[in-house]
Peer 1: 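First the structure, which I've put down as C-alpha cells, then a few questions once you've had a look.
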There are 2 protein chains.
Amino acid sequence: MPAASTELIAVIVAVTGGDPRVLTIADARALPSGSFESGHRSLQAGLRSWVEQQTHQPLGYVEQLYTFADSDRGAEAAGRTISVSYLGLTREARVTGQAAGWQSWYRYFPWEDQRGGTPAMICAQIAPALRRWAASPVQQQRAVITFGLDGRPWNEELVLQRYELLYEAGLVEEWHRRHAPGQLPQSLPGEPMAVDHRRILATGIARLRTKIKYRPVFFELMPDSFTLLTLQQTVEALAGRLLHKQNFRRLIDSQNLVEETGAMATETGGRPAKLFRFRGDVQDERAIAGTKLPLLRS
Amino acid sequence: MPAASTELIAVIVAVTGGDPRVLTIADARALPSGSFESGHRSLQAGLRSWVEQQTHQPLGYVEQLYTFADSDRGAEAAGRTISVSYLGLTREARVTGQAAGWQSWYRYFPWEDQRGGTPAMICAQIAPALRRWAASPVQQQRAVITFGLDGRPWNEELVLQRYELLYEAGLVEEWHRRHAPGQLPQSLPGEPMAVDHRRILATGIARLRTKIKYRPVFFELMPDSFTLLTLQQTVEALAGRLLHKQNFRRLIDSQNLVEETGAMATETGGRPAKLFRFRGDVQDERAIAGTKLPLLRS
DNA sequence: CGAGTTATGCTCATACCCAGCATAAGTGGG
DNA sequence: CCCACTTATGCTGGGTATGAGCATAACTCG
C-alpha cells in the first residue's frame, strides 16, 4: 500500500472596490497551501488552519474544488502528492506573513476581464498566436469557440478551457517550464504562478462563475449593508462582464434575497441609494429552486 | 510529512429496463474500490483499472465526485485514508468476479423513487420518525423541506441532504454501527452498505440528477439507436419522477441532440416509434449554453 | 441654475415552459 | 371487421422569465 502525501491548496476570493481578488503567498506567485496532517480534524479544517497560519485572513464559506494527482506535478520520485483544492469566499482583511497579499485575479488572466469590452490583447496577441498554432480544423474550432472569435459569443464560464488551450499552445510560461526550459518567449499573456497553481485558480474562477448563476454566493463577499449597485458590481467583477442594471435589480428582488435597512447611501455621486442587507432566513428555501426538466404534476 | 493512503471509489451507473442501476461488489454491499498505486498514471486511470479488475465492466464517461477524509471513516490508527470518489456512466454488461453485480439504486434509497407518486413509506415511516426526532423548529423545517412534507414540492436533487438527515436522526443502519452498536431497530428504510459507501452513492445520484438538467449526459447510457420514449424513461429513472411526454420531446428536438435513423421500433405495444441516434458532432456547441445573469450586449 | 450622475419604476416584445386537446397508427379480442 | 386499448406525434393557449429600453426622480458639482 504505497502512501502519498496530501497537500491542501486554497483559492480564497474577495471582491474589493470592484476588483475580484485572490489571496496569495510568496509575493503573488503561489496560492496558500500546506500538507494535510494528522492533527487536522478534516481536510477542510486543515485547509483553514494553513490559510490562517500563512496569511492571518479569517475564512468564511469554503467548498471543495478538485483533487489532482496527475504526474505532471513536480517531483515524482519519492511517492506522489495528492492535491486537494478548495474555494473560499470572504471579505478582504489586512493580511500578514509569508509575503502574503491580495491580487486581482485578472493579473493572472487578463483576457478574462471583458467588462470594458474584449481586451485588446485577445485580438492583438492571443488570437493570432492560436491561429498559428492550430494545426487541424478541430483545433481551430476549439480556439474560435472558447475565445469567442469570429463574432461568436463570449462564454465567461470557460475559464479553465481557455487556460488549458493556451497551455497546450505553449502560450503560458508554465508550459515552457516543463517542455522547453531555458528558452522563454517574451511577453506571454498573464502572470505565471508556481507549479500548477494558475490552473487551480482557473478552476476556482470557473466554478464561481458557474455557481453564481444558480446560487446567491455573493452573500459572503458583501459587507453587512450595501447598495444594489455595489452588489451588481461585485457580480460583474466575478463574471468579468457587465450586467443590465434594471434587469439585475428585478432579478434580485424577485428572489427575495435582500431587504431594505431603511438607511441610505449618500456618497453615490448621484441620487442617494437605498441600503440593503441579506435576509438571514432564506437559506433553506433556496434549496427548493432549480429545475429544467419538463416535470409532471400528479 | 505524514503520509496517508489514498483510496479510489467508483459510483458506476447504467439504466436498464427503466431501472437506474449501480455497479456493486461484495454481494451488493459495497462500491468498487481500491487503493491508488504508483503504477497508476492518474487517479482516473487507477479507478478504471480497479473497476475493470473487480467487475470486468467496461467504462465510458467518468468524472470526479468528491474527496473525503473525515475521521468518521473506519480505522484511524495507522495513518488516515483519503478517499477520492468518481461517477461513471455506462451501458450494463455482464459482470463477473468479487461477488459483483448491478443493483437498482432505489434498493438503497427507496424513498427517492417518486415515479409512482410519493412512496407510502415516507408518510408511513419516515415522516413520523423525523417529526419525533426533530427537537427544534429548525430541524422540523429541515425535514419538511428536504422531504417535501406538508404539501411542499419534492426536489429530486436533495438526495444527499435527505440521506444526511436520516443519518443524523438515527434512521439508517450506518448511524447505529457507529453510535449505538449492538442494538439495532428493526426495519430502517433502505439497505445499508459498507462504511460510508451509501453516502457516496447518494452524492453520485445527486450529482447526476443535477447534471442531467444542463448537460445531455444520457449519451453514455443509451444504446446506439432508441425511441424517444426509451430516452424519456431513462431520464425518469435517474430523476425518480415522471416527465411530460410531449414537452420532453420538444425539449429534445429543440436541442438538436438526436437525429432519425430512418428505422422504426415495432414492439412498442402501440403505434410504431421512430428510432433515433445521437448526433456525434454536437459536443463543442453545447459549451455555448448556460447563463442566468441579465447580461449586456455591447 | 444647468450639466452630469446614479436610482428606480414601467413597458413591451420575445423566448420558453406547463398543460392539455386532438389525431395517427399500431395491438389483441370478440 | 369492429372495438377497446396502447403508444406516437402535432399543435395550441396561457403563464412566466428575460432582454432591451424609455422615462423620471434625486442628488453633486461648478
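Labels below follow one simple rule: chain letters A, B, ... track the order of the sequence lines, proteins then strands, and each chain is numbered from 1. Source: prediction; values computed, not measured.
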Peer 1: Counting just side-chain N and O atoms, does K245(A) come under 4.0 Å of either OP1 or OP2 of dT6(C)?
Peer 2: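 False: K245(A) side-chain N/O out of range (4.0 Å or more) of dT6(C) OP1/OP2.
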Peer 1: Round to the nearest Å and state the distance from M264(B) atom CE to dA24(C) atom C1'.
Peer 2: 11 Å
Peer 1: Could you tell me the separation between the CG atom of L228(A) and the P atom of dT6(C), rounded to a whole number of Å?
Peer 2: 15 Å
Peer 1: Checking R115(A) against W154(A): charged group under 6.0 Å from the ring centre and within 45 degrees of the axis?
Peer 2: no
Peer 1: Which parts of nucleotides 25-30 of chain D does protein reach within less than 4.0 Å, heavy atoms only, written one letter per nucleotide 5' to 3' as B for base, S for sugar-phosphate only and - for none?
Peer 2: BBB---
Peer 1: Do the side chains of E63(B) and R207(B) get close enough for a salt bridge, i.e. N-O under 4.0 angstrom?
Peer 2: yes
Peer 1: Let's go through E236(B) and R241(B) carefully: what are the C-alpha distance in whole Å and the side-chain angles of both, what is the deciding distance for salt bridge (charged side-chain N to carboxylate O under 4.0 Å, His left out) to 0.1 Å, and is it a yes or a no?
Peer 2: CA-CA 5 Å; E236(B) 288 176 336; R241(B) 50 194 313 182; over 6 Å; no
Peer 1: What string of B, S and - do you get for nucleotides 9-15 of chain C, 5' to 3', when a contact is any protein heavy atom under 4.0 Å?
Peer 2: BBB----
Peer 1: For the helix from dC1(C)-dG30(D) to dG30(C)-dC1(D), what angle separates the axis at the start from the axis at the finish, each from five pairs, in steps of 10°?
Peer 2: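 Answer rounded to 10°: the end axes differ by 0°.
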Peer 1: Quick one: do Y86(A) and Q64(A) satisfy side chain to side chain donor-acceptor pair (under 3.5 Å)? Show the steps, please.
Peer 2: CA-CA 4 Å; Y86(A) 279 80; Q64(A) 201 180 97; 3.3 Å; yes
Peer 1: Where do F218(A) and V235(A) come nearest, in terms of heavy atoms and distance?
Peer 2: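 Here F218(A) and V235(A) meet closest at CD2-CG2, 3.6 Å.
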Peer 1: Calculate the interatomic distance between F248(A) atom CZ and dA7(C) atom P; express it in whole Å.
Peer 2: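 Roughly 12 Å, once rounded to whole Å.
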Peer 1: Check the distance between dC11(D)'s C1' and H244(B)'s NE2 and give it to me in whole angstrom.
Peer 2: 11 Å
Peer 1: Can you check the F276(A) CZ to dA7(C) P distance for me, whole Å?
Peer 2: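 Value for this atom pair: 11 Å.
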Peer 1: Measure CG/L243(B) against C1'/dA19(C) and give the value in whole Å, please.
Peer 2: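 Going from CG in L243(B) over to C1' in dA19(C) covers 14 Å.
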Peer 1: side-chain hydrogen bond (donor to acceptor under 3.5 Å, both in side chains) with R21(B): which residues, sequence neighbours excluded?
Peer 2: none
Peer 1: Under the salt bridge (charged side-chain N to carboxylate O under 4.0 Å, His left out) rule, what do E112(B) and R162(B) come out as? Steps first, then yes or no, please.
Peer 2: CA-CA 9 Å; E112(B) 294 291 345; R162(B) 281 187 283 268; 2.7 Å; yes
Peer 1: Would you call R209(B) and E156(B) a salt bridge, using N to O less than 4.0 angstrom?
Peer 2: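 Looking at R209(B) and E156(B), the cut-off is not met.
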Peer 1: Begin with the C-alpha distance, continue with both residues' side-chain angles, and end with the deciding distance and a verdict on side chain to side chain donor-acceptor pair (under 3.5 Å) for E92(B) and T16(B).
Peer 2: CA-CA 7 Å; E92(B) 189 173 325; T16(B) 311; 2.5 Å; yes
Peer 1: Can you list the residues that meet the ring pair (Phe, Tyr, Trp, His ring centres under 6.0 Å) rule with Y66(A), with sequence neighbours excluded?
Peer 2: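 Once residues adjacent in sequence are excluded, the partners of Y66(A) under the ring pair (Phe, Tyr, Trp, His ring centres under 6.0 Å) criterion are F68(A).
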Peer 1: Can you tell me how far C1' of dT18(D) sits from CD1 of I252(A), to the nearest Å?
Peer 2: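 About 15 Å, once rounded to whole Å.
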Peer 1: Just checking L229(B): base, sugar-phosphate only, or nothing, at a heavy-atom cut-off of under 4.0 Å?
Peer 2: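 It contacts sugar-phosphate atoms only.
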Peer 1: Can you tell me the distance, in whole Å, between the CG atom of L231(B) and the C1' atom of dA8(D)?
Peer 2: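 Nearest whole value for this atom pair: 15 Å.
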Peer 1: Considering residues at least two apart in sequence or located in another chain, which fulfil the ring pair (Phe, Tyr, Trp, His ring centres under 6.0 Å) criterion with F226(B)?
Peer 2: F278(B)
